[in-house]
Structure formats: structure tokens, C-alpha cells
Amino acid sequence: MDIKSTQADAYKLLHQGTLALARAERQGLRIDRKYCTQEQNKITELISNLEGELKQSSFYKEWTRSRGRKKLNIDSNAQLGEYLYEVCGHTPPKLTPSGLGSTDKESLKQLDIPEIQTILRIRKLKKIRDTYLKGFMKEQINGFIHPHFKLHTATTYRSSSSSPNFQNIPKRDKEAQKICRSALYPRRGHQLLEVDYSGMEVRASIFYHNDPTMKKYINDPDSDMHGDMAQQIFKIDDFDRSRPEHDTLRSAAKNGFVFPQFYGDYYGNNAPTLACSWGEMPENKRWESGQGISIGDEKNLGEHLVSHGFRSLKSFTNHVQDIEEDFWERRFEVYNQWKKDWWRKYQNQGYIEMLTGFRCHGPMSKNDATNYPVQGTAFHCLLWSFITVDKILTKKNMKTRIIGQVHDSIVLDVYPKELDKVCRLLEYVMTKKIRKHWPWVNVPLDIDADLGGVDESWNELEEYKFDEK
DNA sequence: GGAACTCGCCAC
DNA sequence: AAACGTGGCGAGTTCC
């Protein structure tokens, strides 16, 4: 048990991984060229209308005037920042790493200028058109794109992808998702299947720290880590995940506290994010009753929290600070101790070594030293599964092929008659066989799947339960 | 005219 | 005392 892999094992994974990824790359993904062109034209038309509208505004006219003889470029954030922060004298809500006033979406929204909405809309449309649709067309050969996957560039020994990047195609934003993913198809007569490891990074962290509380959260299907945190953060006594308003708070806790904390963030950043769950709240102001989402019983979250004594961001921040302390000093005490031990070990030996045998050298911050092994190892589980599934598909001469990978998921181009067989294979390799190969996998691994119909695009996937078949 | 940089934004 | 991890890429910009 608990036998770590050697550096030779790591090399083997890298080598076989590169070969398997190259096969996926060669396979590629069909794109609808006609759709891409039409959609690009539609967006161009939209943008030109929006730009025309913007140019009518006094905001734009003043901006132009302020530049004198210099040409104005709507796409230049340097010019926008100069106008907003130097000419108009707005205080930048945030600075960039180099110390200039930021013009990102977050900052611009806070300035509360109506024309800004148009600028943000244009930005978003250009991103979709130029990075994705144009990018697909640039890289396509005979109607197929062949995203490239590398294993030697990321410092964590994760993978990277390029030409085009397969790993950052819009998903969260539904409008962008639809436009971009509707361009991507399986081979004719085939269907797309995406299988992902659920909570892989959290589980990979357990391989290292073996924290009993976190293990219980993973092993006990009735427990709910994010729900518990939502309950604690927002002081909800009768928390019920099946209630939509409570599930919203659960997501807020998950994305605004739990995950950032795991990456090394702190309450000072978490509190303002969490505070947005019940409405925008400018610094130094106080909450009023009547603000925020409804939480049932004819109450809303604003009132609820005010009644618990949180009238200002400051008092809420203190509350989140207490929760952070409880989180690391009590709830996940063992995890916390591992972080300390691991950091000490890095300081002593000058490198860290993953369970998979990979070594990270070089200067690292505290957060780096504890994040790298988790992130790398989580990906290596996916990579091992990728290699193993690919080998079997090839060996058995199946028509199904793997076409890509997104850190904790595998994307396949499935021959419909092989669907059941492929699903059984994935289930077996990803949740069972891997535990025989790597005995330090000390918690069950779990997968979810999404399936598209025959000849349907990547936009059409729907949740697919293996065991109900 | 290309390399290298910043910034913003997409994914996990 | 300090304070969010990993990537790729387009556009603008600056430098050589």
C-alpha cells in the first residue's frame, strides 16, 4: 500500500500519454464551416450596429474629443483607461498588476456608465467571433480541427492545449456556449460523449492529507460539504438543498468560499464575493432590509442577515474570518497540518514529489507548493485513464475514438453501436482499474457523463446515467 | 515587420 | 504578516 511511483513511472506516463494524446489529435473534431462563416457574419453585423449606437452617444463623442488628433480605437483598453481615469477622473475600482487602472468587466460595471454596457457587449461578441469561431476556421483542415495537447509545458505536469485550445471553449455562459459549441461535431453517424471525474481535485488532495472529515464528506452520500458551509456562512437553520434559493446559497459558498480557500485564498477576498449573494454592496455602506434574494418564509437574505447582526460588510467580514478559522483549525485540521508539513518538506529538500513520481523544482510560494501536487495528481488520474481506455479501444479495433481531454474529463467520438460497451469500459477503467494500478487512491472515484445524439453538435449534450441503462 | 509585453477573458 | 492555483490566445502596444 501507499507505494509512491518513481520518476521512471512518471516518465512512462508522460511518454505513453504523449502517444495517446497524439492519436486523439490525429482523430480531430469535425466542424461546420458554413455555420462558422454565417455566425461570424451575423456577429459582425451585430457588432457594427452596437458600435454605431455607441458612436451616437455623448460618452463616445467626449472620448473622441479628448484624444485630439489621435485616433480612437474602441478595442483599446489603454485608451479607455486613460479616458476614464485620467480625463474623467474616475477612481479606478481596481488596479492591474502593473499599477494602471483596470478596465475589466468587474471594474467597468462599478463605474455605472450606461455606455459601458455596450462596450462590454461588444467585447463579449468579439471574443466569441475572433477567439473561437475564427480560431476554429483558422485551424481547420478539410472540415476537421486537430487540437494539440502538450504534457511538457505546465509547471504542475498538467496538460495544455492549443491550435485551437480544446480546453477553454465556453460552457458557463450559455449564449457563448451555444454559438461556439454548435460549430463542433462528431464524425458522421457518430455521437459525442464526455465523461468527467467528479470533484477530482478535492479527492486528489485526500490522497495526500487523508483528512478524516473530508473523507467522510466524500464517502457519505448524505453529507454535503458545500451545503454545510452555506449553512454556516449565511446562518440558515433549516438548510434544504432541494429548495432552489438554498441551492443558490450553496453555490455561492462553494464558489465564493470553499474552492478559493482550497487554492489558498483568505476571508478578506471571500467576504465581498459572498456579500454579492444578496445584492451589490458598495464599501462602507450598510445593508438595508428588503435587499437580496428571497430565502423563503417571505424573507429575503438581506433582512435575514441584518437580523443576525450583519449590517455592514465589515461585520460580515469578521464573521467570514471566524468561519475560515473554524474551517482550517477544526473542520479540516488534518488537511491544514498536511499543508504545514508539506511546505516544511519543500523548504528542506527544495522540491516536491507527487505520488505519481513527478517532481516540481524551482521557487514556489506556500500556495504553489501545496496546490501543484494536487492539481498534477488529479490530472494524472485522468491521463492514466485516457491512456488505458485508448489502448483498449485501439486493440479491440473499435470505431469509437477519444478526441480530447479537459483536465478532468475525456471527450469521445462514439460509434453508436459501441456506446454500451464504451460506457462499461470507461466506468471500469476510471473507477475500478485505476485503484488497482495506484493503491494510494484512498477514496472512491466517481464519474459523470454527458451524451449527444447521433450527428448532434457539442452544444446538444445531455446528462447520461450509465447505470440506468 | 516581428518579438515581447500587457490586458482581458475563456476553461478547469 | 500576507493573502487565488494552472493554462492559451486575441488585440493593442512598444521596442528593435
Side-chain angles (χ1 to χ4, degrees), chain A residues 70-82 94-108 119-120 122-136 138-139 147-173 175-177 179-181 194 196-202 204-205 255-273 317 320-321 324 328 339 360 364-379 382 404-409 411:
Chain A
K70 286 184 287 184
K71 201 167 184 297
L72 188 155
N73 184 341
I74 296 182
D75 296 332
S76 168
N77 292 321
Q79 291 176 25
L80 180 59
E82 187 190 347
K94 200 171 72 178
L95 300 181
T96 68
S98 74
L100 296 170
S102 171
T103 55
D104 68 2
K105 190 175 167 190
E106 229 1 75
S107 308
L108 294 182
I119 292 175
L120 290 176
I122 291 170
R123 254 191 209 174
K124 185 183 153 184
L125 290 169
K126 283 187 174 168
K127 174 91 177 168
I128 294 170
R129 184 191 63 182
D130 298 339
T131 300
Y132 297 106
L133 298 175
K134 207 169 129 191
F136 297 157
K138 179 182 160 200
E139 298 292 344
H148 183 48
F149 297 97
K150 291 191 275 278
L151 293 176
H152 66 289
T153 60
T155 52
T156 55
Y157 298 102
R158 250 194 182 187
S159 65
S160 66
S161 171
S162 63
S163 312
N165 186 344
F166 188 71
Q167 298 176 320
N168 72 348
I169 300 169
K171 189 171 192 178
R172 244 193 74 245
D173 183 296
E175 185 194 22
Q177 181 209 37
I179 298 172
C180 298
R181 296 192 178 222
E194 182 163 5
D196 71 291
Y197 273 121
S198 42
M200 189 65 235
E201 281 199 14
V202 172
S205 78
N255 300 316
F257 182 81
V258 179
F259 283 165
Q261 283 284 334
F262 285 157
Y263 284 135
D265 203 3
Y266 87 117
Y267 65 90
N269 287 332
N270 301 155
T273 314
T317 303
V320 179
Q321 182 177 7
E324 179 186 289
W328 289 113
K339 290 208 288 187
C360 298
M364 275 179 240
S365 72
K366 227 183 232 186
N367 285 342
D368 291 342
T370 48
N371 280 329
Y372 288 6
V374 172
Q375 207 175 87
T377 306
F379 170 66
L382 188 281
Q405 152 273 130
V406 192
H407 307 302
D408 65 359
S409 76
V411 182

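Naming: A, B, ... by sequence-line order, numbering from 1 per chain.
- Across all strands, A/Pro260 comes closer than 4.0 Å to base atoms (heavy-atom distances).
- The side chain of A/Ser160 contributes an N or O atom lying less than 4.0 Å from OP1 or OP2 of C/dG8.
- Among the heavy atoms of the strands lying under 4.0 Å from A/Thr153 are primed sugar atoms or P, OP1, OP2 only; no base atom is included.
- If you check every strand for non-hydrogen atoms under 4.0 Å, A/Asn371 touches sugar and phosphate atoms only.
- When every heavy atom of A/Ser409 is checked against every heavy atom of A/Glu194, the shortest pair comes out as OG-OE2, 3.2 Å.
- Within the structure, every side-chain polar atom (N or O) of A/Gln261 is placed at least 4.0 Å from both OP1 and OP2 of C/dA3.
- Here B/dC10 presents its P atom at 14 Å from CG of A/Leu133, a figure rounded to the nearest Å.
- Regarding contacts with the backbone of B/dC7, a side-chain N or O of A/Ser98 is found under 4.0 angstrom from either OP1 or OP2.
- Looking at heavy-atom distances under 4.0 Å, A/Thr103 makes contact with sugar-phosphate atoms alone, never a base.
- Of all nucleotides listed (B/dC12, C/dC9, B/dC7), B/dC12 comes nearest to the side chain of A/Asp408.
- Checked against A/Ser162 for a side-chain hydrogen bond (donor to acceptor under 3.5 Å, both in side chains), the options A/His148, A/Glu139, A/Lys150 give a single hit: A/Lys150.
- A donor-acceptor contact under 3.5 Å is not formed by the side chain of A/Lys127 with the base of B/dC10.
- Nearest nucleotide to the side chain of A/Lys171, out of B/dG8, B/dA11, C/dC9: B/dA11.
- Taking each heavy atom of A/Glu324 and A/Tyr266 in turn, the nearest pair found is OE1-CA, 3.2 Å.
- The phosphate of C/dT13 (OP1 or OP2) has no side-chain N or O of A/Lys71 nearer than 4.0 angstrom.
- Donor-acceptor pairing under 3.5 Å, judged by distance alone, is absent between the side chain of A/Gln167 and the base of C/dG7.
- Comparing C/dT6, B/dG8, C/dC4 against the side chain of A/Tyr263 picks out C/dC4 as the nearest.
- Residue A/Thr131 has no polar side-chain atom (N or O) positioned under 4.0 Å from OP1 or OP2 of C/dC9.
- Residue A/Thr96 has no polar side-chain atom (N or O) positioned under 4.0 Å from OP1 or OP2 of B/dG8.
- Between A/Tyr372 and the phosphate of C/dT6, there is a side-chain N or O to OP1/OP2 separation shorter than 4.0 Å.
- Of the side-chain N and O atoms in A/Arg158, none sit less than 4.0 angstrom from OP1 or OP2 of B/dC12.
- Residue contacts for A/Lys105: at a heavy-atom cut-off of 4.0 Å it reaches the sugar-phosphate backbone alone, with no base atom in range.
- Regarding contacts with the backbone of C/dG12, a side-chain N or O of A/Asn73 is found under 4.0 angstrom from either OP1 or OP2.
- Using a 3.5 Å distance cut-off with no hydrogens or angles, the side chains of A/Asp104 and A/Ser102 do pair a donor with an acceptor.
- Applying the 4.0 Å criterion to OP1 and OP2 of C/dG7, one finds that A/Thr155 has a side-chain N or O inside that range.
- Using a 4.0 Å heavy-atom criterion, one finds that A/Lys366 contacts no nucleic acid atom at all.
- Distance A/Leu120 CG to B/dC7 P: 18 Å, rounded to the nearest Å.
- Here the shortest heavy-atom pairing between A/Pro260 and A/Asn270 reads CB-ND2, 3.8 Å.
- Phosphate proximity of C/dT13 to A/Ser76: present, with a side-chain N or O under 4.0 Å from OP1 or OP2.
- Atoms NZ (A/Lys70) and P (C/dT14) sit 10 Å apart, rounded to a whole Å.
- Within the nucleic acid shown, A/Ser409 has no heavy atom closer than 4.0 Å to any nucleic acid atom.
- Rounded to whole Å, the distance from CH2 on A/Trp328 to C1' on C/dA2 is 16 Å.
- In this structure, CD of A/Glu201 is placed 12 Å from P of B/dC12, rounded to the nearest angstrom.
- Nearest to the side-chain atoms of A/Asn165 among the listed nucleotides B/dC7, C/dC9, C/dA11 stands C/dC9.
- Of all the heavy atoms in A/Pro373 and A/Ala369, the pair that sits closest is CD-O, 3.1 Å.
- In this entry the distance linking NZ of A/Lys150 with C1' of C/dC9 reads 11 Å, nearest Å.
- Here the side chain of A/Lys134 is nearest to one of C/dC4, C/dG7, C/dA11, namely C/dA11.
- Between the CZ atom of A/Phe166 and the C1' atom of C/dG7 there is a distance of 15 Å, given to the nearest Å.
- Comparing atom distances between the A/Asn168 side chain and each of C/dG8, C/dA3, C/dG5 picks out C/dG8 as nearest.
- Heavy-atom contacts from other residues, nucleotides or ligands closer than 6.0 Å to NZ of A/Lys124 number more than 12.
- A/Gly264 comes within 4.0 angstrom of sugar-phosphate atoms only, judged by non-hydrogen atoms across all strands, and of no base.
- Here the closest non-hydrogen pair linking A/Thr103 and A/Leu108 is O-CD1, 3.3 Å.
- Atom CD in A/Glu324 sits about 14 Å away from atom C1' in C/dA1, given to the nearest Å.
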